[in-house]
Participant: 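Below is the structure I would like to discuss, written out as structure tokens.
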Amino acid sequence: MNIKVTIFTPTYKRFDTLYKTIQSVLEQDYSNIEYIISDDGSPDFPYDDIVKYIECNKPKNIKSYQVLTNEENVGTVKHLNKILKRATGDLFIPLAGDDFFFNKRVVSQIVTRYSLDNFKVLATSR
């Protein structure tokens, strides 16, 4: 199974749990992950700190990452469209900046389930 998974985290103004979100992505056991974090115009987005954190903690299964920022707030729909235009994965998993994966196998389990039945869309919950 070599499906490339793009996990994307849109943010806006709330960063109190963002590092927990990022860490939950970095801990995933799936082998082919692209990670995109994108902020929608927050005045205090900690871009440099996030890049440094990812660089210091990035495992080999995170094949690429992008940290994006909008100069001004464009709203949810335009923001998500911008993220999806930059994504190169075969499967997209949104993960809000105040959410996190509850264990290290979530992405692997989603990919397995997605692959078994050749879904076009798969919605999950915990």
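Residue numbers count from 1 along this sequence. What you see is a predicted model, and the numbers here were worked out from it, not measured in a lab.
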Participant: How about Y35 and F8: are their ring centres within less than 6.0 Å of each other?
Facilitator: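 Not close enough - the centres of the two rings lie 6.0 Å or further apart.
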
Participant: Got a sec, which residues hit side chain to side chain contact (heavy atoms under 4.5 Å, CB included) with T6, two or more places apart in sequence or on another chain?
Facilitator: E34, I36, A87, F92

Participant: Mind checking what makes side chain to side chain contact (heavy atoms under 4.5 Å, CB included) contact with E71, not counting sequence neighbours?
Facilitator: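 Residues passing side chain to side chain contact (heavy atoms under 4.5 Å, CB included) with E71: none at all.
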
Participant: Is there a side chain to side chain donor-acceptor pair (under 3.5 Å) between D98 and T17? Walk through the geometry before answering.
Facilitator: CA-CA 5 Å; D98 60 351; T17 58; 5.6 Å; no

Participant: Please list, chain by chain and in numerical order, all residues satisfying ring pair (Phe, Tyr, Trp, His ring centres under 6.0 Å) with Y19, sequence neighbours excluded.
Facilitator: Y53

Participant: Taking atom types as modelled, is there a side-chain donor on T69 or D39 under 3.5 Å from an acceptor on the other?
Facilitator: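 No.
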
Participant: With sequence neighbours excluded, tell me which residues meet side chain to side chain contact (heavy atoms under 4.5 Å, CB included) with P59.
Facilitator: L26, N61, I62

Participant: Grab the two heavy atoms, one from L80 and one from P10, that are nearest each other, plus how far apart they are.
Facilitator: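 Closest approach of L80 to P10, heavy atoms only: CD2-CG, 4.0 Å.
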
Participant: Please identify each residue that fulfils side-chain hydrogen bond (donor to acceptor under 3.5 Å, both in side chains) with T21, with sequence neighbours left out.
Facilitator: none

Participant: Is there a path of hydrophobic side-chain contacts, each under 4.5 Å between heavy atoms of I, L, V, M, F, W or Y residues, that connects V51 with V25?
Facilitator: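 Same cluster: V51 reaches V25 through Ile, Leu, Val, Met, Phe, Trp or Tyr contacts under 4.5 Å.
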
Participant: With sequence neighbours excluded, what pairs up with D29 under the salt bridge (charged side-chain N to carboxylate O under 4.0 Å, His left out) test?
Facilitator: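 In terms of salt bridge (charged side-chain N to carboxylate O under 4.0 Å, His left out), with neighbours along the sequence ignored, D29 is linked to R105.
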
Participant: Which residues satisfy the side chain to side chain contact (heavy atoms under 4.5 Å, CB included) test with Y12, sequence neighbours excluded?
Facilitator: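 Partners of Y12 by the side chain to side chain contact (heavy atoms under 4.5 Å, CB included) criterion, ordered by chain and then number, come out as D40, S42, N73.
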
Participant: Using side-chain hydrogen bond (donor to acceptor under 3.5 Å, both in side chains) as the criterion, list what pairs up with N32, not counting sequence neighbours.
Facilitator: N2

Participant: Locate the shortest heavy-atom distance separating V107 from Q28; write the atom from each residue and the value.
Facilitator: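 The pair with the smallest heavy-atom distance is N-OE1, 3.0 Å.
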
Participant: Suppose we screen for side-chain hydrogen bond (donor to acceptor under 3.5 Å, both in side chains). Which residues come up paired with E27, at least two apart in sequence or across chains?
Facilitator: Q23

Participant: Show every salt bridge (charged side-chain N to carboxylate O under 4.0 Å, His left out) that has at least one partner inside residues 75-97, sequence neighbours left out.
Facilitator: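 Every pair satisfying salt bridge (charged side-chain N to carboxylate O under 4.0 Å, His left out) with a residue in residues 75-97: there are none.
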
Participant: Determine whether I50 and F45 make a side-chain contact, defined as any pair of heavy atoms from C-beta on separated by less than 4.5 Å.
Facilitator: yes

Participant: Is there a path of hydrophobic side-chain contacts, each under 4.5 Å between heavy atoms of I, L, V, M, F, W or Y residues, that connects L68 with L18?
Facilitator: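 No, no single cluster joins them.
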
Participant: According to salt bridge (charged side-chain N to carboxylate O under 4.0 Å, His left out), who are the partners of D16, at least two apart in sequence or on a separate chain?
Facilitator: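 Once residues adjacent in sequence are excluded, the partners of D16 under the salt bridge (charged side-chain N to carboxylate O under 4.0 Å, His left out) criterion are R14.
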
Participant: Who are the ring pair (Phe, Tyr, Trp, His ring centres under 6.0 Å) partners of F101, not counting sequence neighbours?
Facilitator: none

Participant: When you compare the side chains of Y65 and E55, does any donor N or O come within less than 3.5 Å of an acceptor on the partner?
Facilitator: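 There is such a pair between these side chains.
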
Participant: Looking at every heavy atom in both S31 and K63, which two are closest together, and how far apart are they?
Facilitator: O-CE, 3.1 Å

Participant: Are F15 and I83 connected in a single hydrophobic cluster, I mean Ile/Leu/Val/Met/Phe/Trp/Tyr linked by side-chain heavy atoms less than 4.5 Å apart?
Facilitator: no

Participant: Can you name the nearest heavy-atom pair linking G97 to T11, along with the distance?
Facilitator: CA-CG2, 4.3 Å

Participant: Whether the side chain of N103 engages the backbone of V106 through a donor-acceptor N/O pair (distance < 3.5 Å, no angle test) should be reported.
Facilitator: yes

